[in-house]
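See structure below.
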There are 2 protein chains.
Amino acid sequence: MKNRLRVLRAEHGWSQQALADKLGVSRQSVNAIETGKYDPSLPLAFRISECFGLPIEDIFLREEPSS
Amino acid sequence: MKNRLRVLRAEHGWSQQALADKLGVSRQSVNAIETGKYDPSLPLAFRISECFGLPIEDIFLREEPSS
DNA sequence: CTTTTATGTAAAGCAAGATTGACTATCATC
DNA sequence: GATGATAGTCAATCTTGCTTTACATAAAAG
């Protein structure tokens, strides 16, 4: 899964720490998700979606289309 | 997180096993998600979304609205 | 030059997602 | 009554999301 987190965060002028606080996770979690180390849980994805006022599908992008 | 998986699956006339096969997970995973034992990972949520042709937000519902 | 802020990354550990295998109950049908 | 399909659940196991702590770098500010 790729994501547009870094771009969106920059657009809002938020630091990783600031976003992490809004989401209730650690800064390292935000960084890890941005750098693609792993995907967020579904509940966290919903919180991110809410944070940017965008549907999940506009933030996270499938890489492996169905065949 | 609540979800409408059971209803949607019934509407399509699919067994848990059939849906599991489509999703590439075990029948027990489908059952566990339906009975609310845990939430699916984000990639799996995307596959489910794709399977039913509905956005994630129409299948999974937040229980804890932002205060 | 020193301090602060933002970021990258790594180790270690806990919690949650997800697996397989097995056993059970129910219902339909042969 | 036996058989097969569906579904609920438990135990054991493995993977992954997320944590804290810590250290390193670069840029900006004092």
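Residue numbers begin at 1 in each chain, while the letters A, B, ... track the order of the sequences.
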Rounded to whole angstrom units, what separation is found between the [atom1] atom of [X] and the [atom2] atom of [N]?
X       : N      : atom1 : atom2 : answer
B:Leu5  : D:dA7  : CG    : C1'   : 14 Å
A:Gln17 : C:dG8  : CD    : P     : 13 Å
B:Leu42 : D:dT16 : CG    : C1'   : 13 Å
A:Leu19 : C:dT7  : CG    : P     : 10 Å
A:Leu44 : C:dG17 : CG    : P     : 12 Å
A:Asp21 : D:dC18 : CG    : P     : 16 Å
B:Glu34 : C:dA18 : CD    : C1'   : 16 Å

[X] versus [Y], closest heavy-atom pair with distance:
X       : Y       : answer
A:Met1  : A:Arg62 : CE-N, 3.8 Å
A:Asn3  : A:Glu34 : OD1-CA, 4.3 Å
A:Trp14 : A:Arg9  : O-NH1, 2.8 Å

Between [N] and [X], is there an OP1 or OP2 to side-chain N/O distance shorter than 4.0 Å?
X       : N      : result
B:Ser41 : C:dA18 : yes
A:Arg6  : C:dG8  : yes
B:Arg47 : C:dA18 : no
A:Thr35 : C:dG8  : no
A:Lys37 : D:dG17 : no

**Item:** Expected output: side-chain A:Arg4 to main-chain A:Asp58 donor-acceptor under 3.5 Å
**Value:**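 Between the backbone of A:Asp58 and the side chain of A:Arg4 there is a qualifying donor-acceptor contact (under 3.5 Å).
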**Request:** With DNA chain C as reference, determine whether B:Tyr38 or A:Asn31 sits nearer its 5' end, using the nearest nucleotide of each.
**Result:**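 The residue closer to the strand's 5' end, by nearest nucleotide, is A:Asn31.
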**Request:** Hey, which sits more toward the 5' end of DNA chain D by its nearest nucleotide, A:Ser29 or B:Gln16?
**Result:**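 Per heavy-atom nearest nucleotide, the more 5' residue is B:Gln16.
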Which one, [options], comes nearest to the side chain of [X]?
X       : options               : value
A:Ser15 : C:dA6, D:dT19, D:dA7  : C:dA6
A:Asp39 : C:dA18, D:dG17, C:dT7 : D:dG17
B:Val25 : C:dA18, D:dC18, D:dA7 : C:dA18

**Request:** Classify the side chain of B:Arg27 and the base of C:dG21 as holding, or not holding, a donor-acceptor pair under 3.5 Å.
**Result:**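 No such pair is found, so the answer is no.
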**Prompt:** What about B:Gln28, does its side chain sit under 3.5 Å from the base of C:dG21 through a donor-acceptor pair?
**Reply:**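 Per atom types, the contact qualifies.
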**Message:** What's the separation between atom CG in B:Leu44 and atom CD in B:Glu50, rounded to the nearest 0.5 Å?
**Reply:**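 Here the interatomic distance stands at 11.5 Å.
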